[in-house]
Amino acid sequence: MLKVENITKKYGENVAVNNLSFTVDAGEIFGLLGENGAGKTTTFRIIMGLIDANEGKVTLDGKKIDYSETDNIGFVTEERSLLTKLTVQEQIEFYGTLKGLDKDTIDKRLDYWLEKFEITSYKNRKIKELSKGNQQKIQFISAIINEPKLLILDEPFTGLDPINVKLMKDAIYYLKEKGCSIIFSSHQMEYIEDFCEKLILLVKGNTILDGKLDDIKENYAKKNIMIKGEDIDISAIKKLKGVISVEKTRGELEVKIANKEVAPKVFNIIKNSNITKYDVVSPSLNEIFIASVGGIHE
Ligand code: ATP
């Protein structure tokens, strides 16, 4: 289990991360979100022991993360750090050996992952000859060849087409099942919604949202009502107190409301129309993200 306790990092007067705490259990995928400059990379660097926090501590299975523990952490970022003149096999052997694995183990695991990613024929090709997406897969294999306890994924899907996103997702779920603790960071909220049971939203280093994804969505006051039907009195809905907006999207009416108490009032207006759908739903994580971050900027 990764435990981050009250970490604060300052660069001069600038507080990059302010009193941040969270835990990631074995087999859990945790989302760390935030707009550019929110403090995500700083947090990753502290976790990996690359920089020190001014305050707080980070432990992995109870041990402070020092040089020996960093071998148990895998890191995938969108900036590629591959040795492009090496072949795929040479590259993975290089990283695997650095992490203390013998060549046989490395080769067995490499074959397994090349097969999973459907790129077995690239084993002896130079990295620089590979497409961006395939380089990303090799980067991923480098990060997990030592079967780390903790895997940090920073925009791992960059450059991947939908089929390869699916392969990568399957690989991440496989590692989760094996008990790896996973931190996932992406600006694409649909991935976070897909993957993460728990998350934190950072705004300028401060924790703005924190908890289980379902709870965050449930507790978010604003709701959306999706309505399908004919003869709906849109202007009457718009006039209701607590109605934020009414929009038509893909043949449905989307009514954004300030809280769930407004929903019966909307229903009252449409109940005599010819309705085939009336659904009160929580907004998407993307909407919550934008509203939460926007509120801080105002
Ligand atoms: P992005 O999504 O753009 O990668 P981020 O959430 O990873 O952003 P960080 O890189 O952690 O954000 O930056 C957090 C804050 O710390 C920013 O204000 C940034 O300017 C500052 N910062 C980061 N690294 C340094 C550094 N080495 N020296 C001074 N300030 C820094």
Side-chain angles (χ1 to χ4, degrees), residues 2-24 28-60 65-67 70 73-82 132-133 135-136 139-140 142-143 148 150-160 165 168 172 181-196 198-211 213 216 284-298:
L2 174 76
K3 204 165 185 183
V4 173
E5 291 172 272
N6 308 101
I7 57 168
T8 293
K9 177 71 188 175
K10 294 178 190 155
Y11 291 107
E13 291 293 295
N14 184 11
V15 184
V17 176
N18 186 20
N19 197 24
L20 173 65
S21 297
F22 61 89
T23 57
V24 190
E28 185 171 63
I29 307 181
F30 177 87
L32 187 61
L33 319 192
E35 53 180 351
N36 297 126
K40 303 177 298 291
T41 309
T42 304
T43 304
F44 295 150
R45 288 190 177 137
I46 294 168
I47 292 172
M48 289 186 291
L50 297 174
I51 55 173
D52 287 326
N54 300 97
E55 286 163 42
K57 69 171 181 179
V58 181
T59 52
L60 187 57
I65 297 179
D66 58 15
Y67 187 67
T70 53
I73 304 176
F75 184 44
V76 179
T77 148
E78 58 186 327
E79 292 140 33
R80 297 204 172 78
S81 53
L82 297 169
K132 260 202 279 177
Q135 287 188 14
Q136 184 69 356
Q139 174 119 336
F140 184 84
S142 305
L150 172 68
L151 179 62
I152 299 175
L153 301 169
D154 189 7
E155 298 286 357
F157 301 119
T158 304
L160 297 180
V165 165
M168 184 73 87
I172 296 169
S181 304
I182 299 170
I183 303 182
F184 182 85
S185 179
S186 174
H187 292 117
Q188 282 171 280
M189 295 299 136
E190 65 272 21
Y191 291 140
I192 303 278
E193 285 198 273
D194 235 26
F195 267 138
C196 303
K198 260 176 20 187
L199 62 90
I200 271 186
L201 169 62
L202 290 180
V203 177
K204 296 181 182 163
N206 294 302
T207 303
I208 299 303
L209 290 174
D210 177 8
L213 174 63
I216 287 174
S284 67
L285 186 58
N286 200 41
E287 266 186 84
I288 298 175
F289 178 98
I290 291 168
S292 306
V293 172
I296 309 291
H297 278 253
E298 275 156 21

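In this text, all values refer to a predicted model and were calculated from it rather than measured experimentally. Both ligands and their constituent atoms are indexed starting at 1 by order of listing.
Within ligand 1, the atoms closer than 4.0 Å to a non-hydrogen atom of Ala38 are 5 (P), 6 (O), 12 (O), numbered from 1 in the order shown. Taking every heavy atom of Thr42 and a limit of under 4.0 angstrom, the matching atoms of ligand 1 come to 9 (P), 11 (O), 13 (O), 14 (C). Atoms of ligand 1 found under 4.0 Å from any heavy atom of Asn36, numbered from 1 in the order shown, are 1 (P), 2 (O), 3 (O), 8 (O). Close contacts between ligand 1 and His187 involve ligand atoms 2 (O) [criterion: under 4.0 Å to a heavy atom]. Close approach of ligand 1 to Glu35 is summarised as follows: ligand atoms under 4.0 Å from at least one heavy atom of the residue are 6 (O).
Which of Val203, Thr41, Leu202 comes nearest to atom 7 (O) of ligand 1 through a heavy atom is settled by distance: it is Thr41.
Backbone and side-chain nitrogen or oxygen atoms of Lys40 are examined, and one is located within less than 3.5 angstrom of a nitrogen or oxygen of ligand 1. For the pair Gly37 and ligand 1, the shortest N or O to N or O distance falls below 3.5 Å.
Of the residues Leu32, Leu33, Asp210, the one that meets the side-chain contact (heavy atoms from CB on, under 4.5 Å) test with Leu202 is Leu32. Here the options are Asn6, Ile200, Ile46, Thr42, the test is side-chain contact (heavy atoms from CB on, under 4.5 Å), and the partner is Leu20; only Ile200 passes.
A donor and an acceptor atom, one from each side chain of Glu155 and Ser186, are located under 3.5 Å apart.
Nearest to atom 21 (C) of ligand 1 among the protein's heavy atoms is Asn14 ND2, 3.8 Å. Among protein heavy atoms, the minimum distance from atom 23 (C) of ligand 1 is reached at Tyr11 CE1, 3.5 Å. With respect to atom 16 (O) of ligand 1, the closest heavy atom belonging to the protein is Ala16 CB, 3.3 Å.
Heavy atoms from other residues, nucleotides or ligands lying under 6.0 Å from CG of Asp52 number 12 at most.
In this structure, Ile183 and Phe22 have side chains that are in contact, with non-hydrogen atoms separated by less than 4.5 Å. Contact check for Phe30 versus Thr23: no side-chain heavy atoms found under the 4.5 Å cut-off.
Classification of the Tyr191-Phe184 ring pair by plane angle, with boundaries at 30° and 60°, yields perpendicular.
A cation-pi contact links Lys9 to Tyr11, judged by a cut-off of 6.0 Å to the six-membered ring centre and 45° from its axis.
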